[in-house]
*Asks:* 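The structure follows.
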Amino acid sequence: MEVPLFEFAECMNTDPGTVERWIRQGRIPVKRKGDSCIFNREVLEKWAAAHNIRFVMPGKARPGEPEIASDSLVAAMASGGVHYDVPGRSVSEVLRAAADRLEGLPDRESRDILYEKLIDREQMMSTGIGKGVAVPHPRTPLQDKAVDARIGVCFLETPVDFRAVDKKPVDVLFVLVTPSARQHLHLLSRISFCLREDAFLRILNQRPDRERFLKAVAEFENRLDQGVP
Amino acid sequence: MFHVFRNTPHGREALLQTAYFCRKMRVSPVVYIPSHARFLLYMENDVIQVDLDPSYLRSPETAQAHVNAVMAEMGMEPPRFFSPRHFSTPSLPDVPVIFNFMTCPEILSDRKGKTGSGYIGPRVRRIFKAAPFPLLIPPPVFKPFTSIAVMFGGSINAANALRLAVRLKRLSGMPVSLYTAEEGRRGKKYYEKLMGKNALTGVFAQTVSQWHLFPAKHFIENLFLIPHDALVVAGAYGHGAIRRLFRKSTLDVIQTNLPNSLLIVGPDYRQTV
Amino acid sequence: MAAYSKFKRWVGASPQWLGGDDRLLLIAFGALVGSCCGVAAVVLNAGLHAMEGLFAGYRSFWWAFLLPGIGAALSSVFLEKIIREGAGHGVPEVVYSVSRHGGLLRMRSMFSRLVSSSLTIGSGGSAGPEAPVVMSGSAIGSNIARMFSLNERQRIALVGCGSAGAVAGIFNAPIAGLVFTIEVIVGEWTARHVVPIAVASVAGAQISRLLQGNQIPFTHLHFDVAISTTIAAGGLAIVTAAACIMLTRALRQSHHLSGKVPLPLWGRAAIGGCLVGIIGIFLPQVLGEGYHVIQKMVEGSFPGGFALVLILLLAKIAATSLTLGWGGSGGIFAPCLVVGSFSGLMYYRGIDALLPGILQVNEGCFALLGMAGMISGMLQAPLTAIFLIVEITGGYETILPLILVSVISTTICHIFEPASFYFRDLIEKGHYLRPRTDARVLADLQISELIEKDCITVPKNMSMGDFVKVVQQSRRNYFPVLDEATGEFAGMIHLDDIRPYLLDTLLHDTVFLEQIMSAGVETVDIDDDLAEVLDRMDDTGSFSMPVVTNRRFVGMLSKATLLDKYRKELMLQTTD
């Protein structure tokens with residue numbers, strides 16, 4: 001195979017000067033011809049494995065880099081589901097019910113884990129962020145990587161005292177589950193943007209149906225993306 | 001650009017040429033005032049000993065001031081002075097080859113004595129054959145240049161010469177013209193194809209303003225085509241030692257018959273832009 | 001020519017069809033290099049004998065003491081004026097080139113030392129032919145590697161092959177050739193090196209046997225080694241170590257002294273040679289390589305008593321330092337053997353005088369042990385000494401005291417002279433770079449490979465307000481400031497230093513970067529040595545430094561990237 005030197009250096013995730021030196025010193029099974037590297041792919045891959053050095057063929061994506069969180073609120077809410085009349089009189093009862101209702105969890109066991117994590121987090125400090133809204137979430141991302149970012153929107157049957165910052169009882173929960181801390185922050189900042197708008201709070205109070213609610217959220221998100229303050 | 005300074009009037013001419021080249025090409029000069037009569041150039045796959053004569057070691061106390069004066073005359077700031085950090089033996093400094101260009105010390109390419117013989121010394125030949133940088137052979141007296149003339153013979157080194165000319169044009173903005181000594185009746189097509197093979201067609205169209213083809217038989221006569229104020233860029237022609245006995249190499253002919261500054265590119269030249 | 005370039009290309013391609021491995025190739029080249037070096041060793045031997053024959057005719061004249069002077073001067077002129085090779089000891093140059101330049105050696109070194117050392121030694125100078133032949137052998141290996149455009153690693157192996165073949169050839173001692181090369185020249189005990197070097201040793205020894213006959217240099221009687229000998233060997237080690245230190249310091253002193261003499265190099269060599277000649281008038285045993293003297297001692301037929309041997313010992317040390325320190329050409333090996341056997345003999349005679357009959361062995365045995373102690377102390381290479389002495393004397397029965405004297409002598413010498421004779425200068429200048437060491441990795445990594453180029457540079461006249469916007473988009477804490485008129489580097493802004501003012505909007509339009517940057521920060525040049533740069537970083541406690549060359553900013557050098565690259569390099573160099 002023949003690959004230009006600078007491209008080859010990228011495959012090795014190193015500087016072209018380093019590759020040049022390695023070839024000169026004979027540390028790497030690669031020949032040089034002008035400005036390109038000639039090598040036998042099998043031999044090189046074997047060599048890279050033996051030396052514990054990463055070599056990715058040109059054109060292939062590099063593994064391990066998580067995608068930048070670009071998920072929208074709407075997408076997360078759509079996959080988490082919008083739930084009405086969620087029962088419960090105490091924080092733990094509501095959370096139990098919310099964990100049971102969140103869509104997309106594979107089995108009973110993972111619901112139990114989620115519930116425990118939510119409680120755990122709640123004991124640290126209330127997730128009630130005021131204006132009748134709470135954002136329960138696990139402290140650490142779920143171990144289960146298969147679960148993508150989702151938000152379960154739960155309208156409660158009866159308002160519950162979450163010991164929120166403004167002491168108001170909470171009647172809407174956004175249960176936030178994400179595979180990475182980065183996505184968590186991303187979604188949380190979007191929720192908080194929406195909550196700053198009185199219009200959004202009014203919509204929440206109306207308890208609209210799923211369709212209308214998601215449409216409204218999408219509208220707000222659009223405004224955020226376009227940078228309208 | 002690496003320059004070995006000789007503290008004599010001849011050395012001044014060479015330094016003037018280097019300084020002019022540096023100013024035009026916007027490279028920074030590095031001047032070595034020799035402390036020993038010889039030094040080693042360690043290339044990738046060769047080590048070359050350069051022997052200087054005693055005139056290089058003359059009056060080192062004034063050398064630095066002279067260099068600065070020459071640079072100032074060219075409107076340049078004092079250059080960086082190279083002082084060898086490593087020594088192979090206590091009297092044998094090493095010179096690393098991390099430079100973009102090197103001016104050939106006159107002692108190796110003595111034109112004064114051998115102008116008639118047309119002979120590039122074996123040592124110079126060895127330097128540019130192994131060097132990753134082009135070698136500037138200055139004329140005996142300082143001679144400014146305003147254009148670039150590429151000797152394009154069609155070999156791999158000629159392709160290197162063209163690449164270098166492209167780089168020089170980008171640095172200096174000087175017009176580039178191409179000179180090809182046509183061997184037999186190959187025709188323009190043959191050389192165009194060669195450029196295509198080396199991925200130079202696009203570059204050619206962008207940089208070269210003129211292309212002169214002339215029959216190789218009348219090589220020397222046609223050298224008159226090359227303007228007197230051009231920097232001649234030529235690839236090293238890889239002839240074996242035995243062939244050189246019977247025929248002068250093209251490079252020797254150029255060197256004999258042209259008083260211009262000559263920039264030679266070897267097979268190991270690497271374009272670093 | 002065409003066939004050669006075709007073969008060259010074939011060699012270059014061979015790693016592919018061998019499954020990416022060049023071991024077979026290196027074995028073949030090792031044999032070739034070893035054979036050439038065997039020939040070189042034989043040629044040197046012949047040259048020595050020819051010179052000795054030539055000079056022998058004049059030995060009886062009254063001015064014979066001038067002979068070593070003439071020889072040394074000629075050899076100096078030859079090296080300096082004709083070959084124009086800056087003179088050195090030989091072995092350190094080889095190690096230097098292996099350390100710094102992947103074993104590149106000049107073509108002229110292939111033969112220069114053979115001629116110059118036969119001039120020096122043949123005329124009576126006290127020096128040995130081994131270092132010259134090692135130099136020649138290594139240069140042969142290096143140039144063969146160059147002809148075939150082998151890479152540095154292969155070239156170093158061939159340089160080793162050259163030195164092994166040469167030592168094996170000149171001593172008829174293949175194991176010593178192998179061990180010496182690995183221990184002193186290459187410094188790496190891996191199969192990749194041992195295999196071709198062993199092959200070269202065999203080839204070198206074989207060629208020399210073919211051309212000179214299979215003879216052991218120093219034959220001896222059978223020794224009955226008893227326990228008393230082994231115990232006494234411990235004491236001998238102290239004597240040889242003392243002799244080692246004396247020789248080392250005498251060499252250094254005489255080198256310093258000769259440096260102060262305002263004469264051309266050949267003039268100094270001539271003076272040194274003449275002084276040796278004067279010593280030679282009274283004690284002819286110190287002249288030349290001195291192998292016949294050793295032979296006599298090993299046989300146990302050396303005349304005289306304790307005092308004579310002591311005087312000879314001192315005289316030999318003086319003669320050697322006058323020859324080598326004043327510019328003669330040759331090696332330290334043979335003089336070491338002579339001094340060693342003198343000190344062994346002296347020790348034996350001393351003990352025998354005090355406690356007659358306690359050492360139930362012939363005095364030749366102690367001459368032999370003395371050689372081992374001396375070599376191991378001087379080179380600080382005990383294995384080389386052990387194998388060499390066993391091979392050149394064929395005296396395997398002395399192996400127990402031999403090992404003992406070698407290791408103890410090495411240890412004692414190490415206390416007084418931490419670096420061996422060959423490596424002292426190299427270590428002082430930081431050129432002693434053994435494979436798989438920190439120094440090696442740092443020397444390999446170039447600053448240009450480590451530079452981070454994704455820095456955002458800011459102009460000197462930028463306002464604070466604009467700068468805050470730049471900071472928002474950047475992921476770094478360091479901002480190089482440039483002079484926009486000249487493009488030169490002006491200073492650095494470190495976010496930590498200006499954090500308190502960043503949010504002060506009042507300052508945004510009134511303060512310019514020039515006012516808040518730190519000018520005069522320490523910078524690195526792109527061709528600085530990494531080890532030095534790291535020292536500077538440690539001194540200033542900084543984690544990153546701007547790389548500036550010709551007053552222009554190139555990039556940042558940070559310890560974080562360095563760790564990444566360093567580790568990669570280390571993995572590459574330590575897994576075979």
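Residue numbers start from 1 in every chain, and the chains themselves are labelled A, B, ... in the order their sequence lines are given, proteins ahead of strands.
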*Asks:* Answer yes or no: does atom NZ of Lys429(C) have more than 12 heavy-atom neighbours from other residues, nucleotides or ligands under 6.0 Å?
*Replies:* yes
*Asks:* Kindly compute the distance separating OG (Ser149(C)) from CZ (Arg32(A)), expressed to the nearest 0.5 Å.
*Replies:* 13.5 Å
*Asks:* Hey, are Lys568(C) and Thr14(A) close enough side-chain-wise for a donor-acceptor pair under 3.5 Å?
*Replies:* no
*Asks:* Which atoms of Leu445(C) are under 4.5 Å from chain A, going by heavy atoms: the side chain, the backbone, both sets, or neither?
*Replies:* both
*Asks:* Is there side-chain contact between Ile53(A) and Met571(C), with heavy atoms separated by less than 4.5 Å?
*Replies:* yes
*Asks:* Does atom CD of Gln206(A) have more than 12 heavy-atom neighbours, drawn from other residues, nucleotides or ligands, at distances under 6.0 Å?
*Replies:* yes
*Asks:* Near Arg163(A) CZ, under 6.0 Å, is it more than 12 heavy atoms from other residues, nucleotides or ligands?
*Replies:* no
*Asks:* Side-chain contact, heavy-atom cut-off 4.5 Å: Arg24(A) with Glu152(C)?
*Replies:* yes
*Asks:* Under a 4.5 Å heavy-atom cut-off, does chain C meet the side chain of Ile23(A), its backbone, both or neither?
*Replies:* backbone
*Asks:* Quick check for you: among Ile451(C), Asp444(C), Leu450(C), Ile156(C), which has the greatest number of heavy-atom pairs under 4.5 Å with chain A?
*Replies:* Asp444(C)
*Asks:* Is it the case that atom CZ in Arg476(C) sees more than 12 heavy atoms from other parts of the structure closer than 6.0 Å?
*Replies:* yes
*Asks:* Is there a donor-acceptor pair closer than 3.5 Å between any side-chain N or O of Arg27(A) and the backbone N or O of Leu572(C)?
*Replies:* no
*Asks:* Where on Asp564(C) is there a heavy atom nearer than 4.5 Å to chain A: the side chain, the backbone, both, or neither?
*Replies:* neither
*Asks:* Can you list the steps and then say if Gln446(C) with Thr18(A) is a side-chain contact (heavy atoms from CB on, under 4.5 Å)?
*Replies:* CA-CA 8 Å; Gln446(C) 297 298 308; Thr18(A) 312; over 6 Å; no
